[in-house]
Amino acid sequence: MSLSLLPRLTYAPLRAFRNVLAATFLLISPLHAETTVLALGDSLTAGYGLPQDQGFVPQLQAWLADKGQAVKIVNAGVSGDTTAGGLSRTDWSLTPDVDAVIVNLGGNDMLRGIDPSTSRANLDAILAKVKAKGLPVLLVSLRAPGNYGADFKSNFDAMYPDLAAEYGAVLADNYFFPVINQSTRLLDPAYMQADGIHPNAKGVAKILDALGPKVQELLAKLPS
């Protein structure tokens with residue numbers, strides 16, 4: 001309903017009634033829409049292998065709520081997606097209600113040995129689309145193992161900080177760092193699912209201890 005649809009009343013008592021009705025309309029209309037964050041990612045975002053309420057998105061939403069921040073996190077995670085898959089979904093995922101974006105992609109590129117220059121180009125294109133919408137973005141980085149050689153690792157690891165600097169994105173350093181055993185330098189089985197690739201519910205919680213503040217930094221970029 002628009003205030004312009006209220007009748008143009010000239011009789012004084014009716015004008016007073018119109019003013020009361022207009023004031024009531026303003027009071028019941030939300031002054032600010034709910035903050036909506038799009039989480040664009042792969043299985044790490046989708047919550048692969050976890051109960052519905054224990055995945056990355058529901059745990060992040062609960063983590064923020066505990067900090068007094070009521071935020072709607074849209075789960076745009078697709079298991080198995082590469083940066084190319086994420087790019088193909090970006091345009092229609094950036095709906096008008098989205099206020100900020102988390103990009104957590106690249107893990108499947110790494111596992112498949114996709115040339116980091118291809119992954120970088122896809123992430124670049126995603127960030128460009130987000131920037132064109134004027135939305136703040138959090139880029140979640142990963143680290144490549146040495147399986148594919150030093151050049152692959154160097155180029156893969158560098159693309160995240162390079163692109164974050166280019167687009168003014170908030171950068172989260174290495175999604176998996178909190179669940180790495182600092183003695184063995186390997187992913188800690190206590191925080192991982194049986195496949196050794198995806199964190200379990202405890203692992204997600206531990207990851208959010210580090211990543212949650214980065215999401216808060218992202219939210220701080222929104223207009224007040």
Side-chain angles (χ1 to χ4, degrees), residues 30 32-83 85-90 92-108 110-111 123 126-127 130 133 135-142 160 169-180 187-222:
H32 300 285
E34 181 181 38
T35 298
T36 299
V37 176
L38 175 73
L40 183 68
D42 49 34
S43 57
L44 298 178
T45 300
Y48 174 87
L50 295 173
Q52 189 172 3
D53 63 342
Q54 293 300 309
F56 174 80
V57 167
Q59 285 211 49
L60 172 58
Q61 195 156 302
W63 189 95
L64 291 168
D66 286 344
K67 305 297 185 292
Q69 293 179 282
V71 179
K72 177 184 177 183
I73 311 292
V74 176
N75 191 339
V78 174
S79 294
D81 234 0
T82 61
T83 54
L87 175 58
S88 72
R89 297 186 287 115
T90 299
W92 56 262
S93 295
L94 293 173
T95 54
D97 59 319
V98 172
D99 299 301
V101 180
I102 299 169
V103 177
N104 186 5
L105 287 162
N108 289 307
M110 176 182 66
L111 291 174
L123 288 173
I126 291 171
L127 295 175
V130 174
K133 296 284 188 180
L135 303 175
V137 60
L138 165 61
L139 182 61
V140 182
S141 72
L142 294 165
Y160 294 101
V170 178
L171 178 67
D173 185 35
N174 194 359
Y175 177 90
F176 283 108
F177 183 79
V179 292
I180 292 175
L187 293 171
D188 191 333
Y191 297 109
M192 302 300 294
Q193 296 182 44
D195 62 11
I197 297 174
H198 299 91
N200 59 26
K202 288 193 304 180
V204 172
K206 194 167 180 64
I207 286 166
L208 283 175
D209 286 340
L211 189 55
K214 288 295 183 178
V215 178
Q216 289 182 307
E217 188 178 336
L218 171 69
L219 296 173
K221 288 178 170 284
L222 294 171

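Only this structure's heavy atoms are used, side chains among them; waters, hydrogens and symmetry mates stay out.
Leu219 is listed as a side-chain neighbour of Leu64, based on a closest heavy-atom distance under 4.5 Å. Put simply, the side chain of Ile73 does not reach to within 4.5 Å of the side chain of Asn75, judged on heavy atoms. Between Leu171 and Ser141, the closest side-chain pair of non-hydrogen atoms falls below 4.5 Å. No side-chain heavy atom of Val71 sits under 4.5 Å from any side-chain heavy atom of Gln61. Looking at Thr95 and Val74, their side chains never come closer than 4.5 Å, going by heavy atoms from C-beta outward. Under the 4.5 Å side-chain criterion, counting only non-hydrogen atoms from C-beta, Leu105 is in contact with Ile126.
Phe56 meets the ring-ring contact (aromatic ring centres under 6.0 Å, His included) test with no other residue; sequence neighbours excluded.
Ala201 and Gln59 get closest at one heavy-atom pair: O-NE2, 3.1 Å. Closest heavy-atom contact between Asp99 and Pro136: O-CD, 3.3 Å. Of all non-hydrogen atoms in Gln193 and Tyr48, the two that sit nearest each other are NE2-O, 2.8 Å. Nearest heavy-atom pair, Asn174 versus Pro178, reported as atom, atom and distance to 0.1 Å: O-CD, 4.0 Å. In this structure, Ser79 and Ala46 approach most closely via the heavy-atom pair OG-CB, 4.0 Å.
In this structure, Lys206 does not pair ionically with Asp188, as no charged nitrogen and carboxylate oxygen lie closer than 4.0 Å.
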I'd like to know whether Asp81 forms a side chain to side chain contact (heavy atoms under 4.5 Å, CB included) with Thr45, so could you lay out the CA-CA distance, the side-chain angles of the two residues, the decisive distance to 0.1 Å, and finally the verdict. CA-CA 11 Å; Asp81 234 0; Thr45 300; over 6 Å; no
Using the rule given for side chain to side chain contact (heavy atoms under 4.5 Å, CB included), can you reason through Leu211 versus Trp63, listing the C-alpha separation, both sets of side-chain angles and the distance that settles it, and then say yes or no? CA-CA 10 Å; Leu211 189 55; Trp63 189 95; over 6 Å; no
Pair Leu87-Thr83, side chain to side chain contact (heavy atoms under 4.5 Å, CB included): steps then yes or no: CA-CA 6 Å; Leu87 175 58; Thr83 54; over 6 Å; no
Evaluate Arg89 against Leu40 for side chain to side chain contact (heavy atoms under 4.5 Å, CB included), listing each step before the verdict. CA-CA 9 Å; Arg89 297 186 287 115; Leu40 183 68; 3.6 Å; yes
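A donor-acceptor pair is defined here as one N or O able to donate and one able to accept, closer than 3.5 Å; such a pair exists between the side chain of Asn200 and the backbone of Ala190.
The CG atom of Leu38 lies 10.5 Å from the NZ atom of Lys72; values are rounded to the nearest 0.5 Å. Residue Gln216 holds its CD atom at 6.5 Å from NZ of Lys67, rounded to the nearest 0.5 Å. Taking CG of Leu44 as the reference point, atom CG of Leu142 lies at 7.0 Å (rounded to 0.5 Å).
The local environment of NZ in Lys133 is sparse, with at most 12 non-hydrogen atoms from other residues, nucleotides or ligands closer than 6.0 Å. Annotation: Tyr175, atom OH; neighbour count of heavy atoms from other residues, nucleotides and ligands within 6.0 Å is above 12.
With Leu135 as the partner, the side chain to side chain contact (heavy atoms under 4.5 Å, CB included) test is satisfied by one option alone out of Leu222, Val37, Val98: Val98. Here the rule is side chain to side chain contact (heavy atoms under 4.5 Å, CB included) with Pro199, and of Leu187, Ile207, Leu50 only Ile207 fits it.
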